[in-house]
Amino acid sequence: MRTSQYLISTVKETPSDAEVVSHQLMLRAGMIRKVASGLYSWLPLGLRALRKVERIVREEMDKSGAMEVLMPAIQPAELWEESGRWEMYGPELLRVKDRHNREFCVGPTHEEVITDLIRREIKSYKQLPANFYQIQTKFRDEIRPRFGVMRSREFIMKDAYSFHVGTESLQQTYEQMYQTYSAIFNRLGLDFRPVLADTGSIGGATSHEFHVLAESGEDDIAFSNVSDYAANIELAEALSPAGELAAPTAEMTIVDTPNAKTIEELVTQFDVPIEKTIKTLFVVASDACEADFVALLVRGDHELNEIKAEKLPEVAEPLEFAEEEQIRNLIGAGPGSLGPVGLEIPVIADRTVAKTSDFSAGANIDGKHYFGINWNRDVDLPQVADIRNVVEGDPSPCGEGSIEIKRGIEVGHIFQLGQKYSEALEAKVLDQNGKSVVMDMGCYGIGVSRVIAATIEQNHDESGIIWPESIAPFHIALIPLQYDKSDDVKALTDQMYKDLQQAGYDVILDDRDKKTSPGVKFADMDLMGIPHRVVISPRGLEAGTLEYKGRRDTDKQDIKVEELMSVLAERINL
RNA sequence: CGGAGUGUAGCGCAGCUUGGUAGCGCAUCUGGUUUGGGACCAGAGGGUCGUAGGUUCGAAUCCUAUCACUCCGACCA
């Protein structure tokens with residue numbers, strides 16, 4: 001492309017509503033423009049990068065033997081009623097009606113449609129396993145879209161669904177997708193980690209997320225500092241502390257704590273170590289539980305893991321904290337003074353809590369705490385469960401090393417769904433014995449548009465984006481100086497432009513008019529992240545040289561005109 | 001949805017407290033000079049101040065409502 005015929009929409013100033021670098025740079029480089037909250041148009045430059053990501057994803061998926069299909073973005077309510085998700089999915093599902101008043105949704109995912117398709121098309125075990133994918137626009141009515149294309153409402157996703165007879169076949173394909181995803185993210189030049197994950201609303205058994213490590217990530221990932229264990233913090237198990245519960249060394253005393261409503265206040269005002277405090281959280285009980293509320297105990301410096309708590313049979317799903325008024329009605333004290341002693345509702349203690357002695361907790365009387373509480377002596381040890389988030393330094397659940405926590409951006413997610421959808425939609429085939437069996441399913445997603453943002457989060461500097469070769473909108477920026485004045489420069493530049501394109505490179509030739517100074521061109525190409533730059537100048541031509549600079553290089557270098565092709569070939573892996 | 005905040009030219013902002021009919025920088029257009037890291041000079045265009053009411057002789061400014069957007073929390077590729 002010639003810049004004179006291309007839309008270069010770079011912006012010098014950072015738009016005020018962009019919070020993270022990738023969003024700022026995508027706006028500044030002229031890749032995207034916002035249409036409404038969580039809705040973006042892709043400008044030519046951005047789309048080129050997006051298409052390259054799609055191409056890599058498509059190539060690797062094809063290589064794995066998956067078949068590409070394309071399903072509608074709009075889906076009929078009936079299918080979602082059949083799977084039960086019309087009720088379950090909630091307001092994130094954008095529901096619309098057609099002119100006949102029939103209900104539809106804009107697809108946030110396609111389990112229902114693919115399962116419906118496959119149950120009609122595939123009748124025999126001989127046609128399995130089979131894996132189908134599409135690259136398509138999804139819509140999720142996110143409560144709070146943010147960070148540009150990182151969490152938008154409309155986005156592009158590669159979703160794949162595999163079908164099997166038996167879990168063994170499912171596991172094989174799952175493993176293959178794991179490898180395929182690793183290959184994709186490697187080709188994209190991302191620093192990523194596969195991590196164990198919760199299955200969330202999609203459902204199913206085993207699941208891994210692929211995370212791009214970045215400070216701006218919205219997920220916390222727990223790593224072992226010695227093994228390759230990695231898990232989303234939602235899932236990472238907090239082990240029971242080693243050793244036995246220590247014997248009591250203190251008497252239980254009741255203390256006036258009128259100004260200590262939080263653990264922090266208690267710790268600072270009464271000089272108790274935070275590891276000897278227990279917080280008590282009241283949550284709504286499930287229908288299976290005879291009480292209305294359940295008390296959850298975690299150590300003062302720990303955080304409740306809501307996903308883990310929600311999975312307890314006693315706890316209502318979704319997890320809901322009790323209102324202050326409800327707590328008052330129940331025990332006559334407010335949230336600042338709750339504790340396990342004398343509590344008459346079901347209590348569930350975190351594993352660490354169960355191994356804590358001589359601790360402090362609320363007395364269930366406003367303005368009072370018990371100090372020196374000990375299990376068994378002062379209050380019965382309640383039911384124990386893992387209900388907290390792991391923290392840095394915890395022993396790793398894999399048994400080796402200790403936990404480190406880093407931020408990650410989820411760019412891919414693979415699930416073994418099992419029969420969740422095939423059962424609901426009665427997707428069956430005949431097996432070897434001529435018996436009708438429900439298919440097993442896997443599903444595999446990549447946030448294609450999110451990959452772009454994640455890539456920029458990992459690859460940028462003060463001047464702008466630094467594209468990895470594989471998805472750079474253009475490989476090479478040709479910047480001629482004195483293009484209008486020097487016939488030699490013009491002739492050589494035009495020739496190189498042709499030759500490089502012929503060699504298969506994507507080239508952008510900055511031939512903007514003489515009013516656009518070289519500085520502007522350099523700055524634009526840096527901002528847009530073009531990985532290789534070649535400057536053609538009259539001065540250089542006299543010596544028979546061009547100037548080459550890689551986007552990450554600190555210095556430019558002069559190379560002979562005839563060496564250009566080999567220099568580039570060495571650096572660019574097409 | 002709960003909490004916080006912002007809407008003034010394409011972008012970034014000032015003006016609002018103390019009402020008097022809109023301004024700065026960048027960008028854009030024209031002419032000229034420049035040309036190796038976001039040039040300079042001269043000129044030009046562009047805003048019913050988010051929207052709708054109200055108060056007032058007079059509203060960007062005060063009041064009310066409403067809409068949009070952003071940030072912090074729960075959701076997820």
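Note that the structure is predicted; figures quoted are calculated from it, not measured. Below, read A as the first sequence line, B as the second, and so on, with proteins coming before strands; counting in each chain starts at 1.
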J.: Determine whether a donor-acceptor pair (one donor, one acceptor, N or O, separation below 3.5 Å) exists between the side chain of A:Arg151 and the base of B:C75.
T.: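 Present.
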J.: Show which side-chain atoms of residues 444-456 of chain A pair as donor or acceptor with protein atoms under 3.5 Å away, not counting sequence neighbours.
T.:
| unit_1 | atom_1 | unit_2 | atom_2 | d |
| --- | --- | --- | --- | --- |
| A:Tyr444 | OH | A:Ser162 | OG | 2.7 |
| A:Ser449 | OG | A:Ile156 | N | 3.0 |
| A:Arg450 | NE | A:Met150 | O | 2.8 |
| A:Arg450 | NH1 | A:Glu410 | O | 2.7 |
| A:Arg450 | NH2 | A:Met150 | O | 3.2 |
| A:Thr455 | OG1 | A:Val451 | O | 2.7 |

J.: Look at the side chain of A:Arg450 and the base of B:C76, then say whether one donor and one acceptor between them are separated by less than 3.5 Å.
T.: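 Flag set: donor-acceptor pair detected.
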J.: Give A:Ser9 one of three labels, base, sugar-phosphate or nothing, depending on what nucleic acid heavy atoms sit under 4.0 Å from its own.
T.: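 No contact.
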J.: Within 45° of the six-membered ring axis of A:Phe522 and under 6.0 Å from that ring's centre, is NZ or CZ of A:Arg533 located there?
T.: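 Yes - A:Arg533 lies over the ring of A:Phe522, closer than 6.0 Å to its centre and within 45° of its axis.
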J.: Could you check whether the side chain of A:Lys12 and the base of B:G25 have a donor-acceptor pair of N or O atoms closer than 3.5 Å, going by distance alone?
T.: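 For A:Lys12, whose side chain was compared with the base of B:G25, there is no donor-acceptor pair (under 3.5 Å).
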J.: A:Glu209 near the nucleic acid: base, sugar-phosphate alone, or nothing, with a heavy-atom cut-off under 4.0 Å?
T.: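 No contact at all - A:Glu209 keeps every heavy atom at 4.0 Å or more from the nucleic acid.
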J.: Going by purine N1 to pyrimidine N3 plus the second Watson-Crick contact, or the G-U wobble pair, all under 3.5 Å, which nucleotide sits opposite B:G31?
T.: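 Per the H-bond distance test, B:C41.
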J.: From CD1 of A:Ile8 over to C1' of B:G38, roughly how many Å is that when rounded to an integer?
T.: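 A:Ile8 atom CD1 is separated from B:G38 atom C1' by 15 Å.
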J.: Assuming nearest nucleotide by heavy-atom distance, tell me which of A:Met150 and A:Glu306 is located more 5' along RNA chain B.
T.: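 Its nearest nucleotide lies further toward 5', so the answer is A:Glu306.
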J.: Output all residues satisfying salt bridge (Lys or Arg N to Asp or Glu O under 4.0 Å) with A:Arg144, sequence neighbours left out; order by chain, then residue number.
T.: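 With sequence neighbours excluded, A:Arg144 shows a salt bridge (Lys or Arg N to Asp or Glu O under 4.0 Å) to no residue whatsoever.
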J.: Atom CG of A:Leu27 and atom P of B:C26: how far apart are they, to the nearest Å?
T.: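 Those two atoms, CG and P, are 22 Å apart.
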J.: Please report the distance separating the C1' of B:A60 from the corresponding atom of B:U6, rounded so that it comes out in whole Å.
T.: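 One C1' to the other, the span is 15 Å.
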J.: Would you kindly give the CZ-to-C1' distance between A:Arg512 and B:U34, to the nearest whole Å?
T.: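 So the CZ-C1' distance, A:Arg512 to B:U34, works out to 17 Å.
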J.: Would you say A:Tyr178 and A:His208 are linked by a side-chain donor-acceptor pair, where the criterion is simply a distance under 3.5 Å?
T.: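 Short answer, no.
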J.: Roughly how far apart, to the nearest Å, are B:U18 and B:A42 at atom C1'?
T.: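 Result for the C1' pair: 40 Å, nearest Å.
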J.: Between B:G73 atom C1' and A:Glu218 atom CD, what is the distance in whole Å?
T.: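 Rounded to whole Å, this separation is 12 Å.
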J.: When the distance from CG of A:Asp159 to P of B:A77 is rounded to whole Å, what number comes out?
T.: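 One finds 11 Å between P of B:A77 and CG of A:Asp159, rounded.
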J.: Using the P atom as the reference point in each nucleotide, state the distance between B:G5 and B:U64 in Å, no decimals.
T.: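 Roughly 15 Å separates the two P atoms.
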J.: Name the nucleic acid region contacted by A:Ile143, choosing base, sugar-phosphate or nothing; use a 4.0 angstrom heavy-atom cut-off, strictly under.
T.: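 Base contact - A:Ile143 has a heavy atom under 4.0 Å of at least one base atom.
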J.: Hunt down the Watson-Crick or G-U wobble partner of B:A65, both distances under 3.5 Å, from any strand shown, or write none.
T.: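 Paired with B:U51.
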J.: Could you please name the option among B:C69, B:A77, B:G37 that lies closest to any side-chain atom of A:Ser37?
T.: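 The closest nucleotide is B:C69.
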J.: Regarding A:Ser216 and A:Glu457, do their side chains bring together a donor and an acceptor under 3.5 Å, going by distance alone?
T.: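 Yes.
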J.: Do we get A:Arg48 above A:Phe474's six-membered ring, with its NZ or CZ under 6.0 Å from the centre and within 45° of the axis?
T.: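 Positive - A:Arg48 is close enough to the ring of A:Phe474 and near enough to its axis.
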J.: Below 4.0 angstrom, which residues in residues 519-540 of chain A have at least one non-hydrogen atom near RNA chain B?
T.: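 Heavy-atom cutoff 4.0 Å gives A:Gly519, A:Val520, A:Phe522, A:Ala523, A:Asp524, A:Asp526, A:Arg533, A:Val535, A:Ser537, A:Arg539.
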J.: Whole-Å distance between B:A74 C1' and A:Glu234 CD?
T.: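 After rounding, the reported distance stands at 11 Å.
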J.: Determine the interplanar angle of the A:Phe185 and A:Phe192 rings, folded into 0 to 90°, and report it as parallel if under 30°, tilted if 30 to 60°, perpendicular if over 60°.
T.: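 Answer is tilted, since the angle falls between 30° and 60°.
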J.: Walk along nucleotides 8-16 of chain B from 5' to 3' and tag each nucleotide B, S or - by protein heavy-atom contact under 4.0 Å, base first, then sugar-phosphate.
T.: ---BSS---
J.: Could you let me know what B:G46 is paired to, Watson-Crick or G-U wobble, both distances under 3.5 Å, or none if it's on its own?
T.: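 The answer is none; no pair meets the criterion.
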J.: Using atom C1' of each nucleotide, how far apart are B:C1 and B:U8 to the nearest Å?
T.: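 Here B:C1 and B:U8 have their C1' atoms 31 Å from each other.
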J.: With RNA chain B as reference, determine whether A:Ser463 or A:Glu410 sits nearer its 5' end, using the nearest nucleotide of each.
T.: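 Result: A:Ser463.
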J.: Taking atom P in both B:U51 and B:U34, compute the distance separating them and give it to the nearest angstrom.
T.: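 Taking atom P in both B:U51 and B:U34, they lie 46 Å apart.
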J.: Does A:Lys406 make a cation-pi contact with A:Phe223 (under 6.0 Å, within 45 degrees of the axis)?
T.: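 Yes - A:Lys406 lies over the ring of A:Phe223, closer than 6.0 Å to its centre and within 45° of its axis.
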J.: Between B:U70 and B:G12, how many Å separate the two P atoms, rounded to a whole number?
T.: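 Roughly 13 Å separates the two P atoms.
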J.: Using a strict heavy-atom distance below 4.0 Å, which residues from residues 177-196 of chain A are in contact with RNA chain B?
T.: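 Close to the strand, none.
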J.: B:U70 phosphate, OP1 or OP2: any side-chain N/O from A:Lys34 under 4.0 angstrom?
T.: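 Yes, because at least one side-chain N or O of A:Lys34 sits under 4.0 Å from OP1 or OP2 of B:U70.
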J.: With the threshold set at 4.0 Å, does a side-chain nitrogen-carboxylate oxygen contact exist between A:Asp484 and A:Lys514?
T.: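 No, this pair does not count.
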J.: For A:Glu68, which residues count as a side-chain hydrogen bond (donor to acceptor under 3.5 Å, both in side chains) partner, sequence neighbours excluded?
T.: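 Counting only residues at least two positions away or on another chain, A:Glu68 forms a side-chain hydrogen bond (donor to acceptor under 3.5 Å, both in side chains) with A:Arg58, A:Tyr133.
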J.: Quick check: any donor-acceptor pair below 3.5 Å linking the side-chain of A:Arg140 to the base of B:C76?
T.: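 Answer is no: no donor-acceptor pair is held.
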J.: Mind checking who B:G25 pairs with, Watson-Crick or G-U wobble, both distances under 3.5 Å?
T.: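 Matched B:G25 with B:C11 under the 3.5 Å cut-off.
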J.: Phosphate oxygens OP1/OP2 of B:U70: is one of them under 4.0 Å from a side-chain N or O of A:Arg144?
T.: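 No.
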J.: Can A:Asp494 and A:Tyr483 be counted as having a side-chain donor-acceptor contact under 3.5 angstrom?
T.: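 There is such a pair between these side chains.
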J.: Give me the distance, rounded to whole Å, that separates B:C67 from B:C24 when you measure between the C1' atoms they each carry.
T.: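 These two C1' atoms come out 29 Å apart once rounded.
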J.: Using whole Å, what does the distance between atom C1' of nucleotide B:A77 and atom CZ of A:Arg146 come to?
T.: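 To the nearest whole Å, that distance equals 15 Å.
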J.: Any chance the side chains of A:Ser83 and A:Glu112 put a donor and an acceptor closer than 3.5 Å?
T.: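 Checked: A:Ser83/A:Glu112 side chains pair up, N/O donor to acceptor below 3.5 Å.
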J.: Keeping the roles fixed (side chain from A:Arg33, backbone from A:Leu27), state whether a donor-acceptor pair exists under 3.5 Å.
T.: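 Checked: pair present.
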J.: Quick one: does A:Met441's side chain get under 4.5 Å of A:Leu170's, heavy atoms only?
T.: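 Contact flag for A:Met441/A:Leu170 side chains = no.
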J.: So which nucleotide does B:G73 pair with, by the Watson-Crick or G-U wobble rule with both distances under 3.5 Å?
T.: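 Across any shown strand, B:G73 pairs with B:C1.
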J.: For the residue pair A:Phe415 and A:Tyr161, is the inter-centroid distance of their aromatic rings smaller than 6.0 Å?
T.: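 No, ring centres 6.0 Å or more apart.
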J.: Strictly by Watson-Crick or wobble contacts shorter than 3.5 Å, is anything paired with B:U56, and which nucleotide is it?
T.: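 Pair assignment: B:U56 / none.
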J.: If the C1' atom of B:C26 is compared with that of B:G38, how far apart are they to the nearest Å?
T.: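 Rounded to whole Å, the distance is 11 Å.
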